**Student:** 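Below is a structure I'd like to ask you about.
Numbers restart at 1 for each chain; the letters A, B, ... are given by sequence-line order, proteins then strands. What you are looking at is a predicted structure, and each value in this text was computed from that prediction instead of being measured. Side chains included, hydrogens not; waters and symmetry mates left out as well; all remaining heavy atoms used.
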Amino acid sequence: MQGDTAAARHLASCHLCLKLADASLHHCPRCGEPLHLRKSNSLQRTLALLVTACVLYIPANVLPIMITDQLGSVEPSTILGGVVLLIDMGSMPIAAVIFIASVMVPLGKLIALFYLCWSVSRGRHINTRQRTVIYRATELIGKWSMVDVFVVSILVALVHLTGLLVILPGAAAVAFAGVVIVTIIAAESFDPRIIWDQQEQTDE
Amino acid sequence: MACPSCDLLYDVAGLRDGEKASCSRCGDFLTRMRSDGFIKLQSYAIAGLVSLMIGCAFPFLSFKSSGLESVMTLPQMVIQLYEQGRPDLAFLVAAFIIALPAAVLVLLLVLSTCIIRQRYYAWMVPVTRLVFHMQSWSMVEVFFIGVLVSLVKIGHMATVVIGLSFWGYGAFSVLFIFAIASLDRLQYWNELDRLAGLQHAG
Ligand SMILES: [Zn+2]
Ligand SMILES: [Zn+2]
(Lines give C-alpha, C1' and ligand atoms only; values in the text may rest on other atoms or scores of the structure.)
(Ligands and ions follow the chains in the order given, each with its own letter.)
Protein backbone atom coordinates (compact mmCIF):
# COMPACT_ATOMS: atom_id res chain seq x y z
CA MET A 1 0.00 0.00 0.00
CA GLN A 2 1.35 3.36 -0.96
CA GLY A 3 0.43 6.67 0.59
CA ASP A 4 0.06 10.07 -0.96
CA THR A 5 2.82 12.28 -2.25
CA ALA A 6 3.21 15.76 -0.82
CA ALA A 7 2.48 17.26 -4.24
CA ALA A 8 -0.87 15.41 -4.44
CA ARG A 9 -1.91 17.30 -1.30
CA HIS A 10 -0.59 20.56 -2.69
CA LEU A 11 2.29 20.60 -0.21
CA ALA A 12 5.83 21.57 -1.16
CA SER A 13 8.73 19.99 0.70
CA CYS A 14 11.56 22.44 1.47
CA HIS A 15 14.79 21.08 -0.03
CA LEU A 16 16.85 22.57 2.78
CA CYS A 17 14.91 21.97 6.01
CA LEU A 18 12.38 19.35 4.77
CA LYS A 19 9.41 21.32 6.10
CA LEU A 20 6.11 20.77 4.31
CA ALA A 21 4.38 24.00 3.44
CA ASP A 22 1.50 25.16 1.26
CA ALA A 23 2.72 25.05 -2.34
CA SER A 24 1.40 28.53 -3.10
CA LEU A 25 4.07 30.08 -0.83
CA HIS A 26 7.25 31.35 -2.48
CA HIS A 27 9.57 30.93 0.49
CA CYS A 28 9.83 28.32 3.17
CA PRO A 29 8.10 29.56 6.35
CA ARG A 30 10.73 27.86 8.53
CA CYS A 31 14.09 28.59 6.92
CA GLY A 32 13.33 31.16 4.19
CA GLU A 33 14.70 29.17 1.24
CA PRO A 34 12.85 29.54 -2.09
CA LEU A 35 10.05 26.97 -2.11
CA HIS A 36 8.95 24.97 -5.15
CA LEU A 37 6.62 22.03 -5.66
CA ARG A 38 9.35 20.79 -8.02
CA LYS A 39 12.64 22.52 -8.84
CA SER A 40 11.82 25.02 -11.59
CA ASN A 41 12.97 24.25 -15.15
CA SER A 42 14.86 21.30 -13.75
CA LEU A 43 15.35 19.58 -17.12
CA GLN A 44 16.37 22.65 -19.12
CA ARG A 45 18.74 23.86 -16.43
CA THR A 46 20.38 20.46 -15.97
CA LEU A 47 20.79 20.03 -19.75
CA ALA A 48 22.31 23.49 -20.17
CA LEU A 49 24.83 22.77 -17.40
CA LEU A 50 25.63 19.35 -18.87
CA VAL A 51 26.41 20.91 -22.25
CA THR A 52 28.66 23.48 -20.51
CA ALA A 53 30.46 20.65 -18.73
CA CYS A 54 30.98 18.81 -22.04
CA VAL A 55 32.51 21.94 -23.60
CA LEU A 56 34.86 22.39 -20.62
CA TYR A 57 35.75 18.71 -20.80
CA ILE A 58 37.61 19.29 -24.10
CA PRO A 59 40.32 21.71 -22.81
CA ALA A 60 40.47 19.65 -19.62
CA ASN A 61 41.73 16.70 -21.64
CA VAL A 62 43.63 18.41 -24.45
CA LEU A 63 45.63 20.94 -22.41
CA PRO A 64 48.37 19.86 -19.99
CA ILE A 65 47.25 19.38 -16.39
CA MET A 66 50.80 19.73 -15.10
CA ILE A 67 54.21 20.66 -16.44
CA THR A 68 57.37 19.00 -15.17
CA ASP A 69 60.60 20.99 -15.47
CA GLN A 70 63.50 18.62 -14.82
CA LEU A 71 66.96 20.21 -15.23
CA GLY A 72 65.53 22.61 -17.81
CA SER A 73 63.77 20.01 -19.94
CA VAL A 74 60.09 20.93 -19.88
CA GLU A 75 57.54 18.17 -20.15
CA PRO A 76 53.79 18.90 -20.18
CA SER A 77 51.41 16.04 -19.39
CA THR A 78 47.68 15.64 -19.90
CA ILE A 79 45.27 13.67 -17.70
CA LEU A 80 45.38 10.61 -19.96
CA GLY A 81 49.13 11.02 -20.49
CA GLY A 82 49.57 10.91 -16.73
CA VAL A 83 47.62 7.66 -16.53
CA VAL A 84 49.72 6.09 -19.32
CA LEU A 85 52.91 7.23 -17.56
CA LEU A 86 51.77 5.62 -14.30
CA ILE A 87 51.05 2.34 -16.09
CA ASP A 88 54.53 2.47 -17.69
CA MET A 89 56.06 2.99 -14.26
CA GLY A 90 54.18 -0.04 -13.00
CA SER A 91 51.95 1.81 -10.51
CA MET A 92 48.78 0.08 -11.63
CA PRO A 93 46.67 0.81 -8.52
CA ILE A 94 47.38 4.55 -8.68
CA ALA A 95 46.81 4.58 -12.43
CA ALA A 96 43.46 2.93 -11.78
CA VAL A 97 42.53 5.49 -9.09
CA ILE A 98 43.35 8.40 -11.39
CA PHE A 99 41.64 6.77 -14.37
CA ILE A 100 38.45 6.06 -12.42
CA ALA A 101 38.37 9.49 -10.74
CA SER A 102 39.35 11.61 -13.74
CA VAL A 103 37.92 9.72 -16.71
CA MET A 104 35.27 7.23 -15.71
CA VAL A 105 33.53 9.23 -12.96
CA PRO A 106 33.06 12.49 -14.91
CA LEU A 107 32.10 10.69 -18.14
CA GLY A 108 29.81 8.29 -16.28
CA LYS A 109 28.21 11.20 -14.52
CA LEU A 110 27.59 13.10 -17.75
CA ILE A 111 26.12 10.01 -19.43
CA ALA A 112 23.96 9.17 -16.41
CA LEU A 113 22.53 12.69 -16.16
CA PHE A 114 21.90 12.88 -19.93
CA TYR A 115 20.13 9.52 -19.70
CA LEU A 116 17.99 10.69 -16.77
CA CYS A 117 17.00 13.88 -18.62
CA TRP A 118 16.25 11.91 -21.77
CA SER A 119 14.18 9.25 -20.00
CA VAL A 120 12.14 11.89 -18.17
CA SER A 121 11.52 13.94 -21.31
CA ARG A 122 10.41 10.83 -23.19
CA GLY A 123 7.97 10.08 -20.40
CA ARG A 124 9.37 6.62 -19.69
CA HIS A 125 8.11 5.00 -16.54
CA ILE A 126 10.24 1.87 -16.27
CA ASN A 127 13.09 1.25 -13.82
CA THR A 128 11.93 4.13 -11.68
CA ARG A 129 13.69 2.94 -8.57
CA GLN A 130 16.92 2.16 -10.44
CA ARG A 131 16.91 5.63 -11.97
CA THR A 132 16.57 7.16 -8.50
CA VAL A 133 19.55 5.09 -7.39
CA ILE A 134 21.53 6.25 -10.46
CA TYR A 135 20.68 9.83 -9.56
CA ARG A 136 21.81 9.45 -5.98
CA ALA A 137 25.03 7.83 -7.16
CA THR A 138 25.81 10.79 -9.44
CA GLU A 139 25.24 13.10 -6.49
CA LEU A 140 27.54 11.05 -4.28
CA ILE A 141 30.52 10.47 -6.58
CA GLY A 142 30.65 13.94 -8.14
CA LYS A 143 33.34 15.51 -5.98
CA TRP A 144 35.67 12.50 -6.15
CA SER A 145 36.76 13.62 -9.61
CA MET A 146 38.64 16.45 -7.90
CA VAL A 147 41.34 13.98 -6.80
CA ASP A 148 43.58 14.69 -9.79
CA VAL A 149 43.29 18.46 -9.35
CA PHE A 150 44.36 18.06 -5.72
CA VAL A 151 47.22 15.76 -6.69
CA VAL A 152 48.52 18.43 -9.08
CA SER A 153 48.19 21.09 -6.36
CA ILE A 154 50.16 19.00 -3.88
CA LEU A 155 52.88 18.14 -6.39
CA VAL A 156 53.23 21.79 -7.41
CA ALA A 157 53.72 22.84 -3.80
CA LEU A 158 55.89 19.93 -2.79
CA VAL A 159 58.20 19.40 -5.74
CA HIS A 160 59.86 22.75 -5.85
CA LEU A 161 63.62 22.33 -6.12
CA THR A 162 64.60 25.34 -8.21
CA GLY A 163 66.94 24.43 -11.05
CA LEU A 164 66.63 20.72 -10.40
CA LEU A 165 63.02 19.70 -10.47
CA VAL A 166 59.94 21.93 -10.52
CA ILE A 167 56.31 20.98 -11.19
CA LEU A 168 53.99 23.68 -12.52
CA PRO A 169 50.17 23.62 -12.69
CA GLY A 170 48.63 23.46 -16.19
CA ALA A 171 45.50 25.16 -17.52
CA ALA A 172 43.67 21.81 -17.71
CA ALA A 173 43.61 21.69 -13.90
CA VAL A 174 41.34 24.75 -13.84
CA ALA A 175 39.23 23.48 -16.77
CA PHE A 176 38.83 20.13 -15.06
CA ALA A 177 37.88 21.73 -11.75
CA GLY A 178 35.29 23.64 -13.81
CA VAL A 179 33.88 20.37 -15.21
CA VAL A 180 33.55 18.96 -11.70
CA ILE A 181 31.86 22.10 -10.30
CA VAL A 182 29.45 22.44 -13.23
CA THR A 183 28.41 18.75 -13.07
CA ILE A 184 27.85 19.04 -9.31
CA ILE A 185 25.52 22.00 -9.95
CA ALA A 186 23.86 20.07 -12.81
CA ALA A 187 23.13 17.13 -10.52
CA GLU A 188 21.78 19.54 -7.92
CA SER A 189 19.40 21.18 -10.43
CA PHE A 190 17.90 17.85 -11.42
CA ASP A 191 14.80 17.01 -9.42
CA PRO A 192 14.55 13.22 -8.84
CA ARG A 193 10.88 13.58 -7.92
CA ILE A 194 9.97 14.16 -11.58
CA ILE A 195 11.05 10.57 -12.27
CA TRP A 196 8.26 9.41 -9.95
CA ASP A 197 5.66 11.93 -11.08
CA GLN A 198 5.35 10.17 -14.43
CA GLN A 199 4.85 6.79 -12.84
CA GLU A 200 1.98 8.20 -10.81
CA GLN A 201 0.41 9.66 -13.93
CA THR A 202 0.50 6.27 -15.66
CA ASP A 203 -0.74 4.48 -12.53
CA GLU A 204 -3.89 6.58 -12.44
CA MET B 1 7.86 14.81 6.06
CA ALA B 2 8.07 14.03 2.35
CA CYS B 3 10.79 11.82 0.84
CA PRO B 4 13.34 14.18 -0.78
CA SER B 5 13.79 11.79 -3.73
CA CYS B 6 10.21 10.77 -4.58
CA ASP B 7 7.92 13.06 -2.54
CA LEU B 8 6.05 10.29 -0.73
CA LEU B 9 4.61 11.45 2.62
CA TYR B 10 5.72 9.90 5.91
CA ASP B 11 4.97 10.41 9.56
CA VAL B 12 8.26 10.04 11.39
CA ALA B 13 7.19 11.56 14.71
CA GLY B 14 6.96 8.22 16.49
CA LEU B 15 10.59 7.23 15.89
CA ARG B 16 12.39 5.97 18.98
CA ASP B 17 15.98 6.70 19.96
CA GLY B 18 18.46 5.11 17.56
CA GLU B 19 15.77 4.22 15.00
CA LYS B 20 16.29 5.06 11.36
CA ALA B 21 13.66 5.69 8.70
CA SER B 22 14.08 5.02 4.96
CA CYS B 23 11.67 5.47 2.08
CA SER B 24 9.86 2.23 1.22
CA ARG B 25 9.35 3.29 -2.41
CA CYS B 26 12.76 4.60 -3.51
CA GLY B 27 15.00 3.53 -0.62
CA ASP B 28 16.30 7.00 0.21
CA PHE B 29 17.40 7.75 3.76
CA LEU B 30 14.86 9.88 5.62
CA THR B 31 16.02 10.51 9.18
CA ARG B 32 17.54 8.94 12.27
CA MET B 33 16.46 9.73 15.80
CA ARG B 34 19.41 10.29 18.14
CA SER B 35 19.08 11.83 21.56
CA ASP B 36 22.84 12.43 21.89
CA GLY B 37 23.21 13.80 18.34
CA PHE B 38 24.04 17.37 19.37
CA ILE B 39 26.59 16.38 22.01
CA LYS B 40 28.36 14.22 19.40
CA LEU B 41 28.18 17.03 16.86
CA GLN B 42 29.76 19.44 19.35
CA SER B 43 32.59 17.05 20.26
CA TYR B 44 33.39 16.22 16.63
CA ALA B 45 33.41 19.91 15.76
CA ILE B 46 35.87 20.79 18.56
CA ALA B 47 38.16 17.83 17.83
CA GLY B 48 37.97 18.52 14.09
CA LEU B 49 38.94 22.17 14.50
CA VAL B 50 41.92 21.29 16.72
CA SER B 51 43.17 18.75 14.15
CA LEU B 52 42.73 21.27 11.34
CA MET B 53 44.93 23.72 13.26
CA ILE B 54 47.57 21.02 13.58
CA GLY B 55 47.03 20.28 9.89
CA CYS B 56 47.86 23.85 8.93
CA ALA B 57 50.58 24.83 11.39
CA PHE B 58 53.29 22.23 10.77
CA PRO B 59 55.08 20.73 7.75
CA PHE B 60 52.73 18.53 5.76
CA LEU B 61 55.20 16.70 3.56
CA SER B 62 58.81 17.30 2.63
CA PHE B 63 60.63 16.22 -0.46
CA LYS B 64 64.38 15.51 -0.65
CA SER B 65 66.44 14.95 -3.74
CA SER B 66 70.17 15.40 -4.48
CA GLY B 67 70.83 17.17 -1.22
CA LEU B 68 68.05 19.67 -1.80
CA GLU B 69 64.92 19.75 0.27
CA SER B 70 61.54 21.41 -0.11
CA VAL B 71 59.04 21.48 2.73
CA MET B 72 55.34 22.01 2.17
CA THR B 73 52.66 23.25 4.54
CA LEU B 74 49.00 23.59 3.60
CA PRO B 75 48.91 27.42 3.59
CA GLN B 76 52.11 27.36 1.53
CA MET B 77 50.46 25.10 -1.02
CA VAL B 78 47.81 27.74 -1.66
CA ILE B 79 50.42 30.52 -1.86
CA GLN B 80 52.54 28.43 -4.22
CA LEU B 81 49.62 27.89 -6.64
CA TYR B 82 48.87 31.59 -6.54
CA GLU B 83 52.48 32.50 -7.29
CA GLN B 84 52.71 29.99 -10.13
CA GLY B 85 50.08 32.01 -11.99
CA ARG B 86 47.05 30.01 -11.00
CA PRO B 87 45.13 32.25 -8.55
CA ASP B 88 41.89 30.56 -9.69
CA LEU B 89 43.17 27.16 -8.67
CA ALA B 90 44.60 28.54 -5.42
CA PHE B 91 41.21 30.00 -4.56
CA LEU B 92 39.28 26.79 -5.34
CA VAL B 93 41.67 24.55 -3.42
CA ALA B 94 41.75 26.88 -0.38
CA ALA B 95 37.94 27.08 -0.37
CA PHE B 96 37.22 23.36 -0.80
CA ILE B 97 39.76 21.94 1.61
CA ILE B 98 40.31 24.60 4.28
CA ALA B 99 37.99 27.63 4.30
CA LEU B 100 34.57 26.01 3.74
CA PRO B 101 35.08 22.97 6.00
CA ALA B 102 36.59 25.16 8.74
CA ALA B 103 33.66 27.59 8.53
CA VAL B 104 31.19 24.68 8.65
CA LEU B 105 32.80 23.27 11.81
CA VAL B 106 33.01 26.67 13.55
CA LEU B 107 29.34 27.38 12.83
CA LEU B 108 28.27 23.84 13.80
CA LEU B 109 30.16 24.25 17.08
CA VAL B 110 28.35 27.51 17.84
CA LEU B 111 24.94 26.11 16.81
CA SER B 112 25.27 22.82 18.69
CA THR B 113 26.45 24.66 21.82
CA CYS B 114 23.38 26.91 21.68
CA ILE B 115 21.08 23.90 21.20
CA ILE B 116 22.66 21.92 24.03
CA ARG B 117 22.15 24.92 26.32
CA GLN B 118 18.57 25.17 25.04
CA ARG B 119 19.03 28.68 23.75
CA TYR B 120 17.33 30.04 20.67
CA TYR B 121 18.33 33.13 18.71
CA ALA B 122 16.80 34.33 15.46
CA TRP B 123 20.20 34.28 13.69
CA MET B 124 20.43 30.52 14.11
CA VAL B 125 18.04 30.02 11.18
CA PRO B 126 20.04 31.83 8.45
CA VAL B 127 23.32 30.47 9.88
CA THR B 128 21.99 26.91 9.64
CA ARG B 129 20.93 27.53 6.04
CA LEU B 130 24.44 28.73 5.29
CA VAL B 131 25.97 25.61 6.89
CA PHE B 132 23.82 23.28 4.78
CA HIS B 133 24.78 25.17 1.61
CA MET B 134 28.52 25.16 2.40
CA GLN B 135 28.65 21.59 3.63
CA SER B 136 28.02 20.07 0.18
CA TRP B 137 31.09 21.85 -1.19
CA SER B 138 33.61 20.52 1.32
CA MET B 139 36.11 18.10 -0.15
CA VAL B 140 38.33 17.18 2.78
CA GLU B 141 38.18 13.42 2.23
CA VAL B 142 38.80 13.78 -1.51
CA PHE B 143 41.86 15.90 -0.76
CA PHE B 144 43.23 13.33 1.65
CA ILE B 145 42.94 10.60 -0.99
CA GLY B 146 44.75 13.04 -3.30
CA VAL B 147 47.56 13.26 -0.74
CA LEU B 148 47.90 9.47 -0.66
CA VAL B 149 47.95 9.30 -4.48
CA SER B 150 50.66 11.99 -4.59
CA LEU B 151 52.75 10.07 -2.08
CA VAL B 152 52.79 6.98 -4.28
CA LYS B 153 53.28 9.07 -7.42
CA ILE B 154 56.48 10.75 -6.27
CA GLY B 155 57.65 8.27 -3.66
CA HIS B 156 59.94 6.62 -6.23
CA MET B 157 61.46 9.91 -7.42
CA ALA B 158 62.94 10.93 -4.12
CA THR B 159 62.59 10.65 -0.37
CA VAL B 160 59.28 11.99 0.89
CA VAL B 161 58.98 12.64 4.61
CA ILE B 162 55.55 12.74 6.24
CA GLY B 163 55.13 15.65 8.66
CA LEU B 164 52.95 16.19 11.71
CA SER B 165 50.37 18.13 9.72
CA PHE B 166 49.76 15.10 7.51
CA TRP B 167 48.37 13.25 10.54
CA GLY B 168 46.54 16.36 11.71
CA TYR B 169 44.74 16.75 8.41
CA GLY B 170 44.02 13.01 8.20
CA ALA B 171 42.32 13.17 11.61
CA PHE B 172 40.49 16.31 10.53
CA SER B 173 39.04 14.64 7.43
CA VAL B 174 37.71 11.70 9.50
CA LEU B 175 36.27 13.98 12.22
CA PHE B 176 34.68 16.22 9.61
CA ILE B 177 32.83 13.25 8.08
CA PHE B 178 31.70 12.13 11.55
CA ALA B 179 30.44 15.64 12.33
CA ILE B 180 28.42 15.81 9.10
CA ALA B 181 27.09 12.28 9.66
CA SER B 182 25.79 13.23 13.12
CA LEU B 183 23.93 16.22 11.68
CA ASP B 184 20.43 15.02 10.79
CA ARG B 185 18.49 17.61 8.82
CA LEU B 186 15.02 16.77 10.08
CA GLN B 187 15.99 16.28 13.74
CA TYR B 188 18.05 19.47 13.68
CA TRP B 189 15.25 21.65 12.33
CA ASN B 190 12.64 20.04 14.60
CA GLU B 191 14.81 20.84 17.61
CA LEU B 192 15.25 24.42 16.40
CA ASP B 193 11.45 24.68 15.98
CA ARG B 194 10.93 23.33 19.50
CA LEU B 195 13.39 25.86 21.00
CA ALA B 196 11.75 28.69 19.07
CA GLY B 197 8.36 27.56 20.42
CA LEU B 198 9.67 27.46 24.00
CA GLN B 199 10.99 30.98 23.66
CA HIS B 200 7.67 32.29 22.36
CA ALA B 201 5.78 30.54 25.14
CA GLY B 202 8.13 31.83 27.86
ZN1 LIG C 1 12.91 25.31 4.63
ZN1 LIG D 1 11.30 8.00 -1.67
Side-chain angles (χ1 to χ4, degrees), chain A residues 2-9 11 13 15-20 30-33 86 89 91 93-94 97-98 101 128-129 132-133 135-136 143-162 164-165 168-169 171 173-174 177 181 184 188 192-193 195-197, chain B residues 1-10 24-28 31 60-63 65-66 68-70 72 76-78 80-81 84-86 88-90 92-93 96-97 125-126 128-129 132-133 136-137 139 142-143 145-147 149-150 152-154 156-158 160 185-186 188-189 192-193:
Chain A
Q2 297 260 296
D4 262 350
T5 62
R9 296 199 191 166
L11 289 170
S13 167
H15 73 98
L16 194 118
C17 75
L18 306 170
K19 186 169 178 74
L20 290 166
R30 176 152 72 179
C31 72
E33 278 282 300
L86 281 167
M89 288 178 349
S91 322
I94 295 299
V97 168
I98 297 288
T128 317
R129 193 176 169 129
T132 315
V133 172
Y135 173 71
R136 243 178 280 135
K143 56 182 173 182
W144 286 96
S145 320
M146 281 296 275
V147 162
D148 213 17
V149 175
F150 290 145
V151 168
V152 170
S153 310
I154 295 159
L155 294 186
V156 165
L158 184 58
V159 184
H160 200 75
L161 305 172
T162 314
L164 184 69
L165 181 60
L168 298 166
V174 182
I181 292 167
I184 289 176
E188 229 168 66
R193 292 171 297 189
I195 301 175
W196 292 90
D197 288 346
Chain B
M1 74 177 288
C3 170
S5 286
C6 74
D7 211 29
L8 208 60
L9 285 169
Y10 286 96
S24 61
R25 183 162 77 162
C26 74
D28 201 3
T31 184
F60 198 90
L61 293 172
S62 56
F63 179 79
S65 179
S66 317
L68 288 169
E69 184 181 10
S70 69
M72 168 201 143
Q76 256 173 11
M77 179 176 83
V78 175
Q80 194 78 256
L81 286 170
Q84 303 285 4
R86 289 259 86 95
D88 34 21
L89 202 57
L92 287 178
V93 170
F96 289 155
I97 71 156
V125 171
T128 305
R129 259 174 79 186
F132 280 117
H133 280 297
S136 56
W137 289 101
M139 302 190 181
V142 183
F143 178 73
I145 296 296
V147 174
V149 170
S150 317
V152 179
K153 223 175 163 177
I154 52 164
H156 68 98
M157 287 162 74
V160 179
R185 250 172 226 254
L186 188 80
Y188 180 92
W189 283 102
L192 212 56
D193 266 1

**Student:** Would you mind checking which part of Ile97(B) comes under 4.5 Å of any heavy atom in chain A, side chain (CB onward), backbone (N, CA, C, O), both or neither?
**Tutor:**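 It is the side chain, since no backbone atom gets that close.
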**Student:** Given that the side chain runs from C-beta out, which part of Leu164(A) has a heavy atom under 4.5 Å from chain B: side chain, backbone, both or neither?
**Tutor:**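 Side chain of Leu164(A) only, per the 4.5 Å heavy-atom cut-off to chain B.
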**Student:** Among Val159(A), Thr128(A), Leu168(A), Thr132(A), which has the most heavy-atom pairs under 4.5 Å with chain B?
**Tutor:**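 Heavy-atom pair counts peak at Val159(A).
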**Student:** Does any heavy atom of chain A fall under 4.5 Å from the side chain of Val149(B), the backbone, both, or neither of them?
**Tutor:**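 Both the backbone and the side chain of Val149(B) come within 4.5 Å of chain A.
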**Student:** Judged by atom type as modelled, is there a donor-acceptor pair below 3.5 Å linking the side chain of Arg129(B) to the main-chain atoms of Cys31(A)?
**Tutor:**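 Checked: pair present.
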**Student:** Does any backbone or side-chain atom of Phe96(B) lie under 4.5 Å from a heavy atom of chain A? Answer side chain, backbone, both or neither.
**Tutor:**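 Interface part for Phe96(B): side chain.
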**Student:** Ignoring hydrogens and angles, tell me if any N or O in the side chain of Asp7(B) forms a donor-acceptor pair with the backbone of Ala7(A) under 3.5 Å.
**Tutor:**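 The answer is yes, because a donor-acceptor pair under 3.5 Å joins these two groups.
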**Student:** What part of Leu92(B) lies closer than 4.5 angstrom to a heavy atom of chain A: side chain, backbone, both or neither?
**Tutor:**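 When you check distances to chain A, only side chain atoms of Leu92(B) fall under 4.5 Å.
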**Student:** Using non-hydrogen atoms only, which part of Ser65(B) is less than 4.5 Å away from chain A: side chain, backbone, both, or neither?
**Tutor:**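 Both parts, backbone and side chain.
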**Student:** Contact part of Ile94(A) toward chain B, heavy-atom cut-off under 4.5 Å: side chain, backbone, both or neither?
**Tutor:**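 Only the side chain of Ile94(A) comes within 4.5 Å of chain B.
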**Student:** Counting heavy-atom pairs closer than 4.5 Å to chain B, which one of Ala101(A), Ala173(A), Gly32(A) comes out on top?
**Tutor:**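 Most heavy-atom pairs within the cutoff with chain B belong to Gly32(A).
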**Student:** Side chain, backbone, both or neither: which part of Arg30(A) has an atom under 4.5 Å from a heavy atom of chain B?
**Tutor:**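 Looking at Arg30(A), backbone and side chain both touch chain B.
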**Student:** Is chain A contacted by the side chain of Val147(B), its backbone, both, or neither, given a heavy-atom distance below 4.5 Å?
**Tutor:**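 For Val147(B), heavy atoms of backbone and side chain both lie under 4.5 Å from chain A.
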**Student:** Report which part of Asp28(B) has an atom under 4.5 Å of a heavy atom belonging to chain A: side chain, backbone, both, or neither.
**Tutor:**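 Both backbone and side chain.
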**Student:** Between Ile154(B) and chain A, with a heavy-atom cut-off of 4.5 Å, which part of the residue counts as in contact: side chain, backbone, both or neither?
**Tutor:**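 Side chain of Ile154(B) only, per the 4.5 Å heavy-atom cut-off to chain A.
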